[in-house]
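A short write-up of the structure that comes next.
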2 protein chains.
Amino acid sequence: MSLPHAILTALLEKPSSGLELTRRFDRSIGYFWQATHQQIYRELGKLEQAGHIRVLPSRQPTRGQRKEYEVLPAGREELASWVDRREEPRAVRDPLLLRLRAAAATGGGADLDEELRRHLLLHRQQLAAYREIERRDFPPERRVSREDRLRHVVLRGGIELESFWIAWLSDTLSELADGPGEPDGVRPDATADGA
Amino acid sequence: MSLPHAILTALLEKPSSGLELTRRFDRSIGYFWQATHQQIYRELGKLEQAGHIRVLPSRQPTRGQRKEYEVLPAGREELASWVDRREEPRAVRDPLLLRLRAAAATGGGADLDEELRRHLLLHRQQLAAYREIERRDFPPERRVSREDRLRHVVLRGGIELESFWIAWLSDTLSELADGPGEPDGVRPDATADGA
DNA sequence: GATGGTTTTGCAACAAAGTGCAAAATGAAG
DNA sequence: CTTCATTTTGCACTTTGTTGCAAAACCATC
């Protein structure tokens, strides 16, 4: 539902071929909306048919030939109207939270800790990547344009989301680590069944 | 991918009919994984065929007749093995962040503020709901079971996620509010083209 | 005991997202 | 100039999620 808009945004920032778009979805845009090259090509086709984008230069062979796309006025308008639309906040839908709940229900999840630590590491790496981008692209300046501010707050969103995960994972690990505290007063010490 | 596991978890916590499950997906479980009743019935059918759950008592008419499901050992095992599986952290995929970026690209988004404030309100309400659940279900006690701890950290996850959104939305609103600061030194005052 | 509303279950069609695979062009190596 | 790997594009299939609608049971009322 948002993929076409993600693509329009990317193409507005810079006209690109399908492959370039794919690469850009592995960086910037993709940090907030992922897509494989297959999805992208499919959507490019639809957007072209809808008259929202067009192929840039001359050659028009069918396959294997690079095609650069640019956004047409209709596409820009569609994107602008999407921006102004009202949409309900996306509800949380996270498998990890669900898995913890399932662990509570089954009484299992012996080595959840390892998985949590693994996620913690990954989120730390992602946070570092975002911080690096912020350092590079948003040096502390006054008088920045509205556009720059928008891009910056989006990045801040990514940064704070990663920070949230890191904090939550850390809390969760320590909460599950100290004193498994069984309901019946049993104090299982180092036995591996704390999980 | 996770829906069957969400259902198994819910049924482990308490055997239910499709309709009861639907209601429970509007509360607890649904806070982390949403599903409509149609999805739920479809999935119940699959889970039954897979031998993961079964209809509880006697009557077996076809339609309109209430059916209570319970989890079978095979279902519990499937769930437990899912808990122990490794899964990559789910990447961020949020339309609102994307929309801000689109606003930067189109130069539009005149009344984004209103939408941001609306989301802020909704997240505050959700946070209040979570806090209420926490107050009711997790009074400050020592010696809680591992299961309770798990359920509690999941709820904390929800609470902190909502807190993140509230903080980010507030920051974003104030960042976009003060001095639109155009790049060329132009200071557009109340003119609506700040967007 | 027919009628009409509500509850509970479910099918069917569609839309969006994810995966596997291959065709046309391009370029390098023998 | 043939062969082979690589680049770029794209089709086809599958799964997952969403929406619209309806059938069977159940319940009340006339």
Side-chain angles (χ1 to χ4, degrees), chain A residues 1-8 10-11 15-26 29-30 32-50 53-69 82 87-88 90-95 98, chain B residues 1-8 11 15-26 29-30 32-50 53-69 82 87-95 98:
Chain A
M1 215 203 349
S2 300
L3 179 56
H5 302 113
I7 291 178
L8 284 173
L11 286 182
S16 311
S17 68
L19 194 69
E20 278 177 87
L21 274 179
T22 302
R23 299 229 174 86
R24 292 172 59 199
F25 266 80
D26 288 339
I29 294 276
F32 308 103
W33 204 273
Q34 307 80 47
T36 61
H37 65 103
Q38 292 95 331
Q39 286 174 276
I40 290 170
Y41 283 115
R42 188 201 297 163
E43 209 59 46
L44 282 172
K46 286 190 200 167
L47 284 168
E48 188 180 15
Q49 275 217 319
I53 62 175
R54 66 161 189 182
V55 180
L56 255 184
S58 43
R59 63 272 169 90
Q60 223 96 355
T62 35
R63 251 183 174 210
Q65 178 73 283
R66 207 187 180 96
K67 282 195 282 184
E68 289 246 312
Y69 290 94
W82 178 67
E87 264 186 27
E88 295 321 295
R90 151 152 312 202
V92 184
R93 194 172 255 190
D94 191 277
L98 205 56
Chain B
M1 209 194 2
S2 301
L3 179 57
H5 301 114
I7 290 178
L8 285 174
L11 286 182
S16 311
S17 67
L19 195 68
E20 278 177 86
L21 273 180
T22 302
R23 299 229 175 87
R24 293 172 61 200
F25 266 80
D26 287 340
I29 295 276
F32 309 104
W33 204 272
Q34 305 80 45
T36 62
H37 66 105
Q38 291 95 333
Q39 282 176 278
I40 289 170
Y41 285 115
R42 190 203 292 166
E43 208 60 44
L44 283 172
K46 285 191 200 164
L47 284 169
E48 188 180 13
Q49 276 217 319
I53 62 176
R54 67 160 188 180
V55 179
L56 255 184
S58 40
R59 64 271 169 89
Q60 223 96 355
T62 35
R63 249 180 174 215
Q65 178 73 282
R66 207 186 179 96
K67 283 194 281 183
E68 288 247 310
Y69 289 95
W82 178 66
E87 264 186 28
E88 295 320 296
R90 151 151 314 201
V92 183
R93 192 173 255 191
D94 192 277
L98 205 56

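Note that the structure is predicted; figures quoted are calculated from it, not measured.
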Expressed in angstrom and rounded to an integer, what is the separation of [X] atom [atom1] from [N] atom [atom2]?
| X | N | atom1 | atom2 | answer |
| --- | --- | --- | --- | --- |
| Arg66(B) | dT6(C) | CZ | P | 18 Å |
| Tyr69(A) | dT9(D) | OH | P | 8 Å |
| Leu21(A) | dG10(D) | CG | C1' | 15 Å |
| Tyr41(A) | dT7(D) | OH | P | 12 Å |
| Ile7(B) | dT9(C) | CD1 | P | 13 Å |
| Lys67(A) | dA23(C) | NZ | C1' | 14 Å |
| Leu56(A) | dT9(D) | CG | C1' | 17 Å |
| Glu20(A) | dT9(D) | CD | C1' | 14 Å |

Exercise for the section: For Gln34(A) and Gly30(A), indicate whether the former's side chain and the latter's backbone hold a donor-acceptor pair under 3.5 Å. Expected result: yes
List in chain and number order the residues that pass side chain to side chain contact (heavy atoms under 4.5 Å, CB included) with [X], two or more places apart in sequence or in another chain; answer none if no residue qualifies.
| X | answer |
| --- | --- |
| Gln39(A) | Leu3(A), Ala35(A), Thr36(A) |
| Gln49(B) | none |
| Arg23(B) | Leu19(B) |
| Glu20(A) | Lys14(A), Ser16(A), Ser17(A), Arg66(A), Glu68(A) |

Problem - Sugar-phosphate only, base, or nothing, as touched by Thr22(B) at under 4.0 Å among non-hydrogen atoms - result: nothing
Handout entry: Contacts of type side-chain hydrogen bond (donor to acceptor under 3.5 Å, both in side chains), residue Trp82(A), not counting sequence neighbours
Key = Glu87(A)
Completion exercise
Among the nucleotides dT8(C), dT9(D), dA16(C), whichever has the atom closest to the side chain of Met1(A) is dA16(C)
Practice task
Select one nucleotide: of dT8(C), dG10(D), dT8(D), the one nearest the side-chain heavy atoms of Arg23(B).
Solution key: dT8(C)
Just the table, please: protein N/O against nucleotides 18-20 of chain D N/O, every pair under 3.5 Å.
unit_1  : atom_1 : unit_2   : atom_2 : d
dT18(D) : OP2    : Gln39(B) : OE1    : 3.4
dT18(D) : O4     : Arg42(B) : NH2    : 2.3
dG20(D) : O6     : Gln38(B) : NE2    : 3.1

Problem - Non-hydrogen atoms of Pro15(A) and Leu56(A) that approach each other most closely - result: CB-CD1, 4.3 Å
